Amino acid sequence: AKAYLSRGNTYRRRGDFDHAVRDLDEAVRLDPGNPFAHFSRGATYDHLFDDAQAIPSYEEAIRLGLNRAVVYNRLAWLYATSRDDSLRDGKKAVRLAKKAIALRDSATHRETLAAAYAEAGRFDEALQEQGRASTCCAPRTPRRAASRGRRPGGETTATASPRGDFDSLHGVRTRAQARRAATSAQ
(Lines give C-alpha, C1' and ligand atoms only; values in the text may rest on other atoms or scores of the structure.)
Protein backbone atom coordinates (compact mmCIF):
# COMPACT_ATOMS: atom_id res chain seq x y z
CA ALA A 1 0.00 0.00 0.00
CA LYS A 2 2.83 2.40 0.83
CA ALA A 3 4.38 1.91 -2.60
CA TYR A 4 1.08 2.66 -4.35
CA LEU A 5 0.55 5.71 -2.15
CA SER A 6 4.05 7.01 -2.88
CA ARG A 7 3.80 6.39 -6.61
CA GLY A 8 0.27 7.82 -6.74
CA ASN A 9 1.46 11.01 -5.07
CA THR A 10 4.36 11.23 -7.51
CA TYR A 11 1.97 10.88 -10.45
CA ARG A 12 -0.31 13.54 -8.94
CA ARG A 13 2.57 16.01 -8.48
CA ARG A 14 3.57 15.41 -12.10
CA GLY A 15 0.01 16.02 -13.30
CA ASP A 16 -0.62 12.43 -14.40
CA PHE A 17 -3.96 12.19 -12.65
CA ASP A 18 -5.23 9.04 -14.38
CA HIS A 19 -2.28 7.00 -13.11
CA ALA A 20 -2.48 8.76 -9.74
CA VAL A 21 -6.12 7.79 -9.27
CA ARG A 22 -5.41 4.19 -10.20
CA ASP A 23 -2.53 3.88 -7.73
CA LEU A 24 -4.29 5.76 -4.94
CA ASP A 25 -7.43 3.66 -5.36
CA GLU A 26 -5.20 0.60 -4.96
CA ALA A 27 -3.50 2.11 -1.88
CA VAL A 28 -6.93 2.65 -0.30
CA ARG A 29 -8.05 -0.87 -1.25
CA LEU A 30 -4.94 -2.42 0.32
CA ASP A 31 -4.94 -0.20 3.43
CA PRO A 32 -8.40 1.31 3.96
CA GLY A 33 -7.41 2.60 7.38
CA ASN A 34 -4.66 4.88 6.05
CA PRO A 35 -5.92 8.48 6.24
CA PHE A 36 -3.08 9.75 4.04
CA ALA A 37 -4.19 7.49 1.18
CA HIS A 38 -7.72 8.88 1.43
CA PHE A 39 -6.43 12.45 1.58
CA SER A 40 -4.16 11.96 -1.43
CA ARG A 41 -6.99 10.38 -3.40
CA GLY A 42 -9.24 13.30 -2.44
CA ALA A 43 -6.61 15.79 -3.57
CA THR A 44 -6.28 14.00 -6.89
CA TYR A 45 -10.03 14.02 -7.49
CA ASP A 46 -10.03 17.67 -6.44
CA HIS A 47 -7.49 18.41 -9.19
CA LEU A 48 -9.80 16.64 -11.63
CA PHE A 49 -12.81 18.75 -10.48
CA ASP A 50 -14.53 15.55 -9.39
CA ASP A 51 -15.99 16.99 -6.20
CA ALA A 52 -18.35 14.04 -5.79
CA GLN A 53 -15.30 11.78 -5.33
CA ALA A 54 -13.06 14.28 -3.53
CA ILE A 55 -15.53 15.06 -0.74
CA PRO A 56 -15.96 11.50 0.60
CA SER A 57 -12.20 10.91 0.36
CA TYR A 58 -11.47 14.01 2.46
CA GLU A 59 -14.25 13.09 4.89
CA GLU A 60 -12.82 9.60 5.32
CA ALA A 61 -9.34 11.02 5.96
CA ILE A 62 -10.81 13.15 8.75
CA ARG A 63 -12.85 10.23 10.13
CA LEU A 64 -9.65 8.17 10.25
CA GLY A 65 -7.93 10.85 12.34
CA LEU A 66 -6.10 13.10 9.89
CA ASN A 67 -6.53 16.25 11.97
CA ARG A 68 -4.77 18.77 9.73
CA ALA A 69 -5.88 22.23 8.69
CA VAL A 70 -5.33 21.53 5.00
CA VAL A 71 -7.85 18.68 5.00
CA TYR A 72 -10.54 20.72 6.74
CA ASN A 73 -9.84 23.71 4.51
CA ARG A 74 -10.04 21.77 1.25
CA LEU A 75 -13.26 20.08 2.31
CA ALA A 76 -14.77 23.38 3.44
CA TRP A 77 -13.82 24.96 0.10
CA LEU A 78 -15.59 22.21 -1.81
CA TYR A 79 -18.73 22.48 0.31
CA ALA A 80 -18.71 26.25 -0.21
CA THR A 81 -17.87 26.43 -3.92
CA SER A 82 -18.54 23.12 -5.64
CA ARG A 83 -19.65 23.45 -9.23
CA ASP A 84 -22.30 20.89 -8.36
CA ASP A 85 -24.95 22.77 -6.38
CA SER A 86 -26.21 19.51 -4.89
CA LEU A 87 -22.87 19.11 -3.08
CA ARG A 88 -22.82 22.58 -1.55
CA ASP A 89 -23.53 22.93 2.14
CA GLY A 90 -22.82 26.31 3.66
CA LYS A 91 -23.31 25.20 7.26
CA LYS A 92 -20.83 22.33 6.91
CA ALA A 93 -18.42 24.61 5.07
CA VAL A 94 -18.50 27.17 7.90
CA ARG A 95 -17.94 24.48 10.56
CA LEU A 96 -15.03 22.94 8.63
CA ALA A 97 -13.40 26.29 7.81
CA LYS A 98 -13.54 27.31 11.47
CA LYS A 99 -11.86 24.02 12.38
CA ALA A 100 -9.10 24.72 9.82
CA ILE A 101 -8.55 28.16 11.36
CA ALA A 102 -8.47 26.68 14.85
CA LEU A 103 -5.70 24.34 13.72
CA ARG A 104 -3.77 26.94 11.72
CA ASP A 105 -4.84 30.51 11.24
CA SER A 106 -3.95 31.71 7.75
CA ALA A 107 -5.26 34.08 5.11
CA THR A 108 -6.11 31.10 2.91
CA HIS A 109 -8.25 29.52 5.60
CA ARG A 110 -9.96 32.84 6.35
CA GLU A 111 -10.76 33.26 2.64
CA THR A 112 -12.34 29.83 2.71
CA LEU A 113 -14.39 30.85 5.74
CA ALA A 114 -15.52 33.96 3.85
CA ALA A 115 -16.68 31.79 0.94
CA ALA A 116 -18.41 29.45 3.39
CA TYR A 117 -20.25 32.33 5.04
CA ALA A 118 -21.34 33.55 1.61
CA GLU A 119 -22.62 30.10 0.66
CA ALA A 120 -24.53 30.02 3.95
CA GLY A 121 -26.11 33.38 3.09
CA ARG A 122 -24.20 35.21 5.83
CA PHE A 123 -22.90 37.96 3.56
CA ASP A 124 -21.96 40.54 6.20
CA GLU A 125 -19.82 37.96 7.99
CA ALA A 126 -18.32 36.92 4.66
CA LEU A 127 -17.20 40.47 3.94
CA GLN A 128 -15.79 40.87 7.45
CA GLU A 129 -13.87 37.61 7.17
CA GLN A 130 -12.46 38.55 3.79
CA GLY A 131 -11.20 41.76 5.37
CA ARG A 132 -9.55 39.78 8.14
CA ALA A 133 -7.94 37.52 5.55
CA SER A 134 -6.20 40.47 3.94
CA THR A 135 -4.71 41.71 7.21
CA CYS A 136 -4.55 38.90 9.76
CA CYS A 137 -1.97 36.36 9.09
CA ALA A 138 1.16 35.22 7.41
CA PRO A 139 1.55 36.28 3.79
CA ARG A 140 -0.45 34.27 1.30
CA THR A 141 1.29 31.33 -0.22
CA PRO A 142 0.74 30.31 -3.84
CA ARG A 143 -2.33 28.18 -4.10
CA ARG A 144 -2.41 24.87 -5.84
CA ALA A 145 -5.97 25.57 -6.89
CA ALA A 146 -5.29 29.06 -8.29
CA SER A 147 -4.29 27.68 -11.66
CA ARG A 148 -7.56 25.77 -11.71
CA GLY A 149 -9.61 28.93 -11.26
CA ARG A 150 -11.09 27.68 -8.00
CA ARG A 151 -9.67 30.32 -5.71
CA PRO A 152 -9.96 34.08 -5.34
CA GLY A 153 -8.20 36.11 -7.98
CA GLY A 154 -9.64 34.18 -10.91
CA GLU A 155 -13.10 33.12 -11.89
CA THR A 156 -14.49 30.93 -9.15
CA THR A 157 -17.58 28.84 -8.92
CA ALA A 158 -18.81 31.26 -6.27
CA THR A 159 -18.53 34.18 -8.70
CA ALA A 160 -20.64 32.31 -11.24
CA SER A 161 -23.20 31.24 -8.68
CA PRO A 162 -26.77 32.46 -8.75
CA ARG A 163 -26.43 32.82 -4.96
CA GLY A 164 -24.90 36.26 -5.33
CA ASP A 165 -22.08 38.40 -6.60
CA PHE A 166 -18.93 37.61 -4.66
CA ASP A 167 -16.57 39.87 -6.58
CA SER A 168 -16.53 42.21 -3.59
CA LEU A 169 -15.30 39.35 -1.41
CA HIS A 170 -12.17 39.18 -3.49
CA GLY A 171 -11.80 42.88 -4.25
CA VAL A 172 -8.67 43.41 -2.19
CA ARG A 173 -6.80 40.77 -4.09
CA THR A 174 -8.28 41.82 -7.43
CA ARG A 175 -7.25 45.46 -6.91
CA ALA A 176 -3.74 44.31 -5.98
CA GLN A 177 -3.54 42.29 -9.18
CA ALA A 178 -4.76 45.31 -11.17
CA ARG A 179 -2.08 47.53 -9.60
CA ARG A 180 0.65 44.98 -10.46
CA ALA A 181 -0.61 44.74 -14.04
CA ALA A 182 -0.71 48.54 -14.39
CA THR A 183 2.79 48.87 -12.93
CA SER A 184 4.26 46.24 -15.23
CA ALA A 185 2.62 47.86 -18.28
CA GLN A 186 4.42 51.18 -17.62
Side-chain angles (χ1 to χ4, degrees), residues 1-89 92-116 119 133 137-158 170 173:
K2 287 181 182 180
Y4 283 107
L5 176 59
S6 178
R7 190 170 70 178
N9 282 326
T10 299
Y11 282 135
R12 181 173 48 85
R13 283 190 296 274
R14 291 181 179 172
D16 186 350
F17 301 118
D18 292 333
H19 284 104
V21 165
R22 187 176 62 231
D23 277 3
L24 294 169
D25 281 345
E26 187 64 12
V28 166
R29 187 187 72 73
L30 293 170
D31 187 3
N34 184 338
F36 296 101
H38 289 277
F39 172 75
S40 293
R41 183 169 67 174
T44 303
Y45 281 122
D46 197 354
H47 276 286
L48 293 169
F49 295 104
D50 189 346
D51 299 347
Q53 295 291 328
I55 287 172
S57 292
Y58 287 148
E59 287 177 336
E60 185 65 6
I62 290 169
R63 190 190 72 72
L64 291 170
L66 192 56
N67 193 34
R68 297 202 177 164
V70 65
V71 185
Y72 288 97
N73 190 66
R74 287 185 179 191
L75 187 54
W77 184 259
L78 291 177
Y79 276 127
T81 67
S82 178
R83 292 174 187 233
D84 182 347
D85 285 345
S86 71
L87 297 175
R88 289 191 184 188
D89 186 331
K92 274 187 187 177
V94 168
R95 181 180 52 79
L96 292 162
K98 284 182 175 183
K99 177 69 174 177
I101 290 169
L103 291 170
R104 183 175 177 270
D105 197 357
S106 75
T108 299
H109 300 158
R110 290 195 173 272
E111 287 174 342
T112 299
L113 181 56
E119 176 59 22
C137 314
R140 287 185 178 88
T141 56
R143 300 168 189 259
R144 168 199 54 82
S147 64
R148 297 174 41 216
R150 302 226 15 185
R151 291 288 187 171
E155 181 178 289
T156 66
T157 43
H170 310 301
R173 189 162 187 181

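Please read these numbers as outputs of a predicted model, since none were measured by experiment.
Taking the side chain as every heavy atom from C-beta outward, N67 and I62 never approach each other to under 4.5 Å. The side-chain heavy atoms of T10 and R13, taken from C-beta on, include a pair separated by under 4.5 Å. Taking the side chain as every heavy atom from C-beta outward, T81 and E119 never approach each other to under 4.5 Å. No side-chain heavy atom of R7 sits under 4.5 Å from any side-chain heavy atom of E26. A heavy-atom distance below 4.5 Å is not found between the side chains of N34 and V28. Residues L48 and V21 are in side-chain contact: their nearest non-hydrogen atoms beyond the backbone lie under 4.5 Å apart.
Residues that satisfy the ring pair (Phe, Tyr, Trp, His ring centres under 6.0 Å) test with F39, not counting sequence neighbours, are Y58. Considering only residues two or more places apart in sequence or on other chains, Y4 meets the ring pair (Phe, Tyr, Trp, His ring centres under 6.0 Å) condition with none of them.
Minimum interatomic distance between R110 and A133 (heavy atoms only, all atoms of both residues): CB-CB, 3.7 Å. Shortest non-hydrogen contact noted between A54 and Y45 is N-CB, 3.7 Å. The heavy-atom pair separating L30 from A1 by the smallest distance is CB-CB, 3.8 Å. Closest approach of D51 to P56, counting heavy atoms only: O-CD, 4.3 Å. The two residues R68 and L103 have their closest heavy-atom pair at C-CD1, 3.8 Å.
Counted by atom type alone, S86 and D84 present one or more donor-acceptor pairs between their side chains at under 3.5 Å.
With rounding to the nearest 0.5 angstrom, the CZ atom of R12 is 12.0 Å from the CG atom of D23. Here the OG atom belonging to S57 is positioned 9.0 Å from the CG atom belonging to L24, to the nearest 0.5 angstrom. Atom CG of residue N9 and atom OG of residue S40 lie 3.5 Å apart, to the nearest 0.5 angstrom. Rounding to the nearest 0.5 Å gives a distance of 9.5 Å between CG of D50 and OG of S82. Between atom CD1 of residue I101 and atom OG1 of residue T108 there is a gap of 10.5 Å, rounded to the nearest 0.5 Å. Taking NE2 of H19 as the start and OG1 of T44 as the end, the distance is 13.0 Å to the nearest 0.5 Å.
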Test L96 against K99 for side chain to side chain contact (heavy atoms under 4.5 Å, CB included), laying out the working first.
CA-CA 5 Å; L96 292 162; K99 177 69 174 177; 5.5 Å; no

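Applying side chain to side chain contact (heavy atoms under 4.5 Å, CB included) to Y79 and the options D89, T112, L87 leaves one that passes, D89.
A distance-only check finds a donor-acceptor pair linking the side chain of H109 to the backbone of R104 [under 3.5 Å].
In summary, R22 and D25 do not engage in a salt bridge, as defined by a charged side-chain N under 4.0 Å from a carboxylate O.
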